[in-house]
Structures are given as C-alpha cells and as structure tokens.
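Quick caveat: nothing in here was measured; it's all calculated off a predicted structure. Just so it is clear: chains get the letters A, B, ... in the order the sequence lines come, proteins before strands, and each one is counted from 1.
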Amino acid sequence: MQHRFRLTRSTDFKRVRNYGKSFAHPLLVLVSLITTDETSRVGVTAGRTLGGAVQRNRAKRLLREVMRPELLSIKPGRDLMLIARQPLLKAEFDELKKAVTGLLRRADLYKD
RNA sequence: CAGGCUGGUUGGGUGGUCGCGGCCCCGUGUUGCGGGGUCGAGGAAAGUCCGCACUCCAGAGAGCACGGCGUCGGAUAAUACCCGGGGCGGGGAAAUUUCUCUCUUUUUUGAGAGAAGUGAACCUGCCGGACAGGGCCACAGAAAACAGGUAGCCCCUCAGCCUAUGGGUUGGGAGGUGAUAGUGAAAAGGUGGUGUAAGAGACCACCGGUGUCCGUAGUAAUACGGGCGGCCUGGUAACCCCCGCCGGGAGCAAGGUCAAGCAGGGACGAAGUGGUCUGCGGACCAUCGGGAGGCAGCUCGUCUCCUUAUGCGCUUUCUGUUUAGAAAGCCAGUCCCGGGUAGGCUGCUCGAGCGGCGCGGCGACGCGCCAGCCAGAUAGAUGACCGCCCAAGCGCCUCGGCGCUGGACAGAAUGCGGCUUAUAGACCGGCCUGAGGC
RNA sequence: CGGGGCGUGGCUCAGACCGGUAGAGCGCACGGUUCGGGUCCGUGAGGCCCCCGGUUCAAAUCCGGGCGCCCCGA
C-alpha cells in the first residue's frame, strides 16, 4: 500500500478513533470517519493483546495486504482504521479478505 | 560396538505473479509521477545485567559520604561476568571391593536386592581480613565464647546407721576435674601412652591444622620435601565494619538545526542638501543622521546592505467657529527581533565492522595480506498467493513408496564487546569409560 | 532509553529492615444457640511463602539469575 494512502500521524489516529463510526467482526474492527480530503486513507493497528512484535507486525501486514486492492473502489474522503483482534492470527488469508470486504460493504464505503 | 560428556557450523532451498522501504540512473506535465538497476532482520535483533564509543551538562585540587569490586596470570577500547591456571567444596556412568539379607546348588558356586567405599572424561558453586572493634548464634543443653557444674568421677570434711574396728553405706558442706554420658549445626585439636586422688597438651610419640625459614618446580597464586616455634586463637563479614582498588551526572526522546500557530518585545522618525532621468506618479546616485552585519574580542577606521505603511479605528486632554490639527493611551495591521511548541531535517550508519587466506598463541585474542560496501524504517519497510525439492511428524501396506499435515524461538530503531534467557531440527568434530578383535 | 513497586491459605493483606515459632480479617467445614435461617459463641481444616541456584548449622526473610503483573519519567 502506497504511503500517501496511509494514516501516519498520531493525531489522525486519535481523531478517527474518537469521532469515527465503528463496525465489528470477530477478526477485526473497522472505524470510518468522513473528511474533506480528496483521497481516502487507511491506518492499521494491533494491540498488545495479540502478542509480541512478530505477531503484531504480521497482523498489520496481513491487513495492509488485504486493503491494497480494495483501495481503488472506495469512496473518496474517508479515513479508515483497521484494528486487529486476536483470532486474526489463526485465520486464512481468504477468510480475512471476506471479513474485510463484508465490513466495507456494511459501512457503505464502496463507490456506486 | 555400547554408554557418558563436550565444542563448533547452520537456522529451509529454488522459481513465478503482485506488493513495500532506502540508494543510484533515465524520462517527465518536476513538493510529484513513470521506468530500470541494486540492496533490504537475528543468533539471539530479545532481556537490559555489566562495559565502552558518541553527545550534552557540571567541574581548580583533595577529602568525606554512598555504591561496586576483591585467588594468580593473561587478553581487551573497556568489563564482577572473557581466556588459562590455583585452592576449597558439590555432582558424575560403567566397573570394582567389603558387608548384610533372600533364593538356589550334593559341593565348588550362581543370581537378585540393599548399605558403605574407590571411582573417568566432564559439569558446576565460591575466593581479602574473624588476634581493629561491635552485633548475632533460636530450640535443646550444666555451659554457646576473657568458657562452664545441683548428671557423673575423685579427694577432704561433718552427721546418722551397720560392723568381724580394716572399713562400708546414706545425707549435707567445701573443693578438684572437663576423661565419661547426654544435648546440639557447632562443646575449645585427634589416637595411644606417661602421669594422677580423679583427671587434663600437664608431659611424650605419631597424625592433622596453622605460622615462619630453607630447598625444588612454576612468571605467580600454589604444590611437594625438610627444619623450627606456639602446641593453637568456634561460626557468621551475600550483618555492621576494617584494608586495598574503582566510580562526576544524564542519556540518540542525548544533542544540533529549520520553524507554523499562540503569547512576548521593538519600530511604523526626520522626510534635509546637491545632482541625473522622467511618461510628473516617481526612480536612481552621492552625502548627513539612524539601524544591521563583516573585517579575530574591544576602540578607531573601513566595507556592504537597509532606511518603510499606516488606519474616513476607539478613548482622554489641548488648540480651533467648523472642517480639522497636535499629544498620550488602547485596538487592528505591516515589518523586524530573540526564545521556542506542534511538525520537518539532521544525528544515522564506513565501523574497536564483516568475509576469505596465512602466521603467532593451549586459549581469550593479536598481526599481516586480499576483496568488496553489506538495512537505515519513523503508525515504523522484508509481505500475499502458487509450483517443485530437501528435512520433520502421522497413517497405510508389498519395507520401499504413497497420501495428509507442514516449518523452532523470534522482528533492527545510535553503534559495538560480554553476560543472561528462548529455540524444531540438520551437519562436522573432540574427550573419557567398558567390552570384543588384530 | 532509564527508574520504581508487587508476587505469602479461596480473597485482601501483615511478617522481611535486624535469618530460627507463618499470622490477622473475610470466606469454608463442624458443633452449639433457634421451631428453622441469619446474627452470635466455640472448635479447626486449608501454605513446597512465584520459580531456579548460592551464602549459612538454618532462608518467606540475605545475595545472584529468571518469570508474571502494575506504575512512572524523558
């Protein structure tokens, strides 16, 4: 995922977390916030409950890899946040992909 | 061959498609985008237990306090922790010796179990001082540290009883003793003898320990042998302490630099003189004054640059018939200033580095030569999917294949050395013991 | 990067500085009191003192190392 489509600042994460709408799934949580920007951006987090640095990095890489092709078909001006949950580490890639696309549809983020 | 122990190396490989970060090159519509090339996690990157480099702060020197360390030699940039020794312990297989028990055999014997001893390689813990001083040593025990008595033993003495007049016995008192028994983790060298009323290093022999001197080996700690002396002083300093040595503090979120916003400070003068050009708005040059900077810090001098912008704003005071003007303050604006938050850049990876070869050393490590440059991210780059192969586990049978599962611990964040902890396996050695063969 | 604290019966904590007997409250079990329950009274079970080494005659305590949890500073 290209760097300009990423959430990078701590304040951005706080803003999305505080004012965004959240959608839950056993594998992950999606948080969405409407902004005035042209582009949509995505941030990825994995808390300490997932395990050590290896597990947390792997969770974030999987989430980024899943989001990469979906980014083109998402409505502009959205800041998204994906929060990993513990069962994500044992899930298959296709399973995770299905979960993410399902959440994006529920949040009504796809272009018409 | 069997068993035990131990050192080192490695930490899945390969190909395809898509994707991410750094650097270089090219193109372009140049804060960006596209294409190509190249590089891109570890042996522990981890824990942060030590030691350095580096940076900032503080600092004349010395001492005190506090903390750490403490056998010898070596290695190192440095280290209580690395390497090689020394001393005192602990663990350690096969084998074997002795004893006891059980079974067995006509006997010789054989087998098993248990206890004690000897016992390799190797692994592992500790290491100044207890005659400088203080504190503590529960329970038990007579006594726990300038030893000690209501057990026992012995002598003396007093009283009672018995008596064959030698004495015996019971109880009390004054002493001696530290041998015996018992307690305890520990009872003030051990064994044997002399000696004595009973005893005791009181004395003797041997042994053990300690101090000191000499010799041999060793750089040394120390070991071995011999002489002499006292025959000798419990443990605890990972309790205080004493002696010797070492230590300034903080840490890459160090530090440097650029710098929004907000807040703070300052200025918003005089509008001179001479000249040139002019499209009459003004512009430029020189000069006076003012300001900023450079010429090593100061003065002088000199050089360079700048010298503008206010508001039909508000309040008060003064002048004035009014329009208006002046001064002070406030507000807004513009410009400048220093400090500096968010944030950016830097520090940031060429280094006590890594690899190969050779030499020296038992080793830690050192020296020389060669070849190359080998991660620098910052919500933090190494990922996803697929094929084949090599190991591993499970199942099946025709014992060699087939099918399934499917990679251990774990992710750089300034760098390096050591330590500690986690770790599926694979490969290559070394040492010791036992059995057999030549 | 640096600093601090905690771990002891089922739960909340003492004991640790200065080593020798592990204790309190709540809870639990049994008995009594009551017609029965609660309250109250009495009795007493339950601990490898987080783990591994070391010092010591002796370690929950002293000294190393490890594990887990919590907190703080730049």
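Taking the P atoms as reference points, G42(B) lies 14 Å from U14(B), given to the whole Å. Using P as the reference atom, U55(B) and G255(B) are 13 Å apart when rounded to the nearest Å. Rounded to the nearest Å, the gap between the C1' atom of U21(C) and that of A94(B) is 49 Å. Nucleotides C369(B) and U10(B) have their P atoms positioned 27 Å apart, rounded to a whole Å. U216(B) and G234(B) are spaced 37 Å apart, taking the C1' atom of each and rounding to whole Å. Nucleotides A408(B) and G67(B) have their C1' atoms positioned 43 Å apart, rounded to a whole Å. A gap of 48 Å separates the C1' atoms of G360(B) and G15(B), to the nearest Å. Taking the P atom of each, U8(C) and C49(C) are spaced 12 Å apart, rounded to whole Å.
The CD-C1' distance, from E70(A) to A384(B), rounds to 14 Å in whole Å. Atom-to-atom, NZ of K60(A) to C1' of C20(B) comes out at 14 Å; the value is rounded to the nearest Å. Going from atom CZ of F5(A) over to atom P of G32(B) covers 14 Å, rounded to whole Å. Following rounding to the nearest Å, D12(A) (CG) and G380(B) (P) show an atom-to-atom distance of 12 Å. A straight line from CZ of R64(A) to P of G383(B) spans 11 Å, rounded to a whole angstrom.
Atom NZ of K98(A) sits about 7.0 Å away from atom CG of D94(A), to the nearest 0.5 Å. Once rounded to the nearest 0.5 Å, the distance linking OG of S32(A) with CG of L103(A) reads 11.0 Å.
In G351(B) the base sits anti relative to the sugar, since the glycosidic angle is further than 90° from 0. The glycosidic torsion of G43(B) lies within 90° of 0, which places this base in the syn conformation. Applying the 90° criterion around 0 to the glycosidic angle, A41(B) comes out syn. The glycosidic torsion of G281(B) lies within 90° of 0, which places this base in the syn conformation. Glycosidic conformation at G201(B) (O4'-C1'-N9-C4 for purines, O4'-C1'-N1-C2 for pyrimidines): syn, within 90° of 0.
Here the shortest heavy-atom pairing between V66(A) and L96(A) reads CG2-CD2, 3.9 Å. Nearest approach of A24(A) to R106(A), heavy atoms of both residues: O-NH1, 3.2 Å. The minimum heavy-atom distance between K75(A) and S40(A), with the atom names listed, is O-OG, 2.6 Å.
Base-pair partner of G383(B): C18(B) (Watson-Crick or G-U wobble, both distances under 3.5 Å). Across all strands shown, nothing is found opposite G269(B) as a Watson-Crick or G-U wobble partner with both distances under 3.5 Å. A 3.5 Å limit on both hydrogen-bonding distances identifies G425(B) as the Watson-Crick or G-U partner of U10(B). In this structure, G329(B) forms a base pair with C314(B), meeting either the Watson-Crick or the G-U wobble geometry with both donor-acceptor distances under 3.5 Å. Checking G31(C) for Watson-Crick or G-U wobble geometry (two distances, each under 3.5 Å) identifies C41(C) as its partner. Base pairing of G27(B) is made with C33(B), judged by Watson-Crick or G-U wobble geometry with both donor-acceptor distances under 3.5 Å. Across all strands shown, U191(B) forms a Watson-Crick or G-U wobble pair, both distances under 3.5 Å, with A205(B). Pair check for C367(B) finds G358(B); Watson-Crick or G-U wobble, both atom distances under 3.5 Å.
Apart from L7(A) itself, the hydrophobic cluster it occupies contains F13(A), V16(A), Y19(A), V29(A), V31(A), L33(A), M81(A), I83(A), where clustering links Ile, Leu, Val, Met, Phe, Trp and Tyr at side-chain heavy-atom distances under 4.5 Å.
Of the two residues contacting RNA chain B, namely R68(A) and L62(A), the nearest-nucleotide position lying further toward the 5' end is that of R68(A). The residue among R58(A) and R6(A) whose nearest nucleotide of RNA chain B is located toward the 5' end is R6(A).
Listed in residue order, the members of residues 88-106 of chain A having a heavy atom less than 4.0 Å from RNA chain B are F93(A).
When the side chain to side chain contact (heavy atoms under 4.5 Å, CB included) test is applied to L89(A), the partners found at least two apart in sequence or on another chain are L50(A), Q55(A), A59(A). Partners of Q86(A) according to the side chain to side chain donor-acceptor pair (under 3.5 Å) rule, which considers only residues two or more places apart in sequence or in another chain, do not exist here. With sequence neighbours left out, the salt bridge (charged side-chain N to carboxylate O under 4.0 Å, His left out) criterion links R61(A) to no other residue. For R58(A), the side chain to side chain contact (heavy atoms under 4.5 Å, CB included) partners are L62(A), not counting sequence neighbours. For R68(A), the side chain to side chain donor-acceptor pair (under 3.5 Å) criterion is met by E65(A), not counting sequence neighbours. Every side chain to side chain donor-acceptor pair (under 3.5 Å) that D79(A) has, sequence neighbours left out, goes to R15(A), R41(A). Among residues two or more places apart in sequence or in another chain, the side chain to side chain donor-acceptor pair (under 3.5 Å) test is passed with E95(A) by none. In this view, P69(A) and K97(A) satisfy the side chain to side chain contact (heavy atoms under 4.5 Å, CB included) rule, not counting sequence neighbours.
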Within the sub-3.5 Å range, which N or O atoms of nucleotides 409-412 of chain B have a protein N or O partner, and how far apart are they?
| unit_1 | atom_1 | unit_2 | atom_2 | d |
| --- | --- | --- | --- | --- |
| G411(B) | OP2 | V54(A) | N | 3.4 |

Interface polar pairs with nucleotides 421-423 of chain B, N/O, under 3.5 angstrom:
none

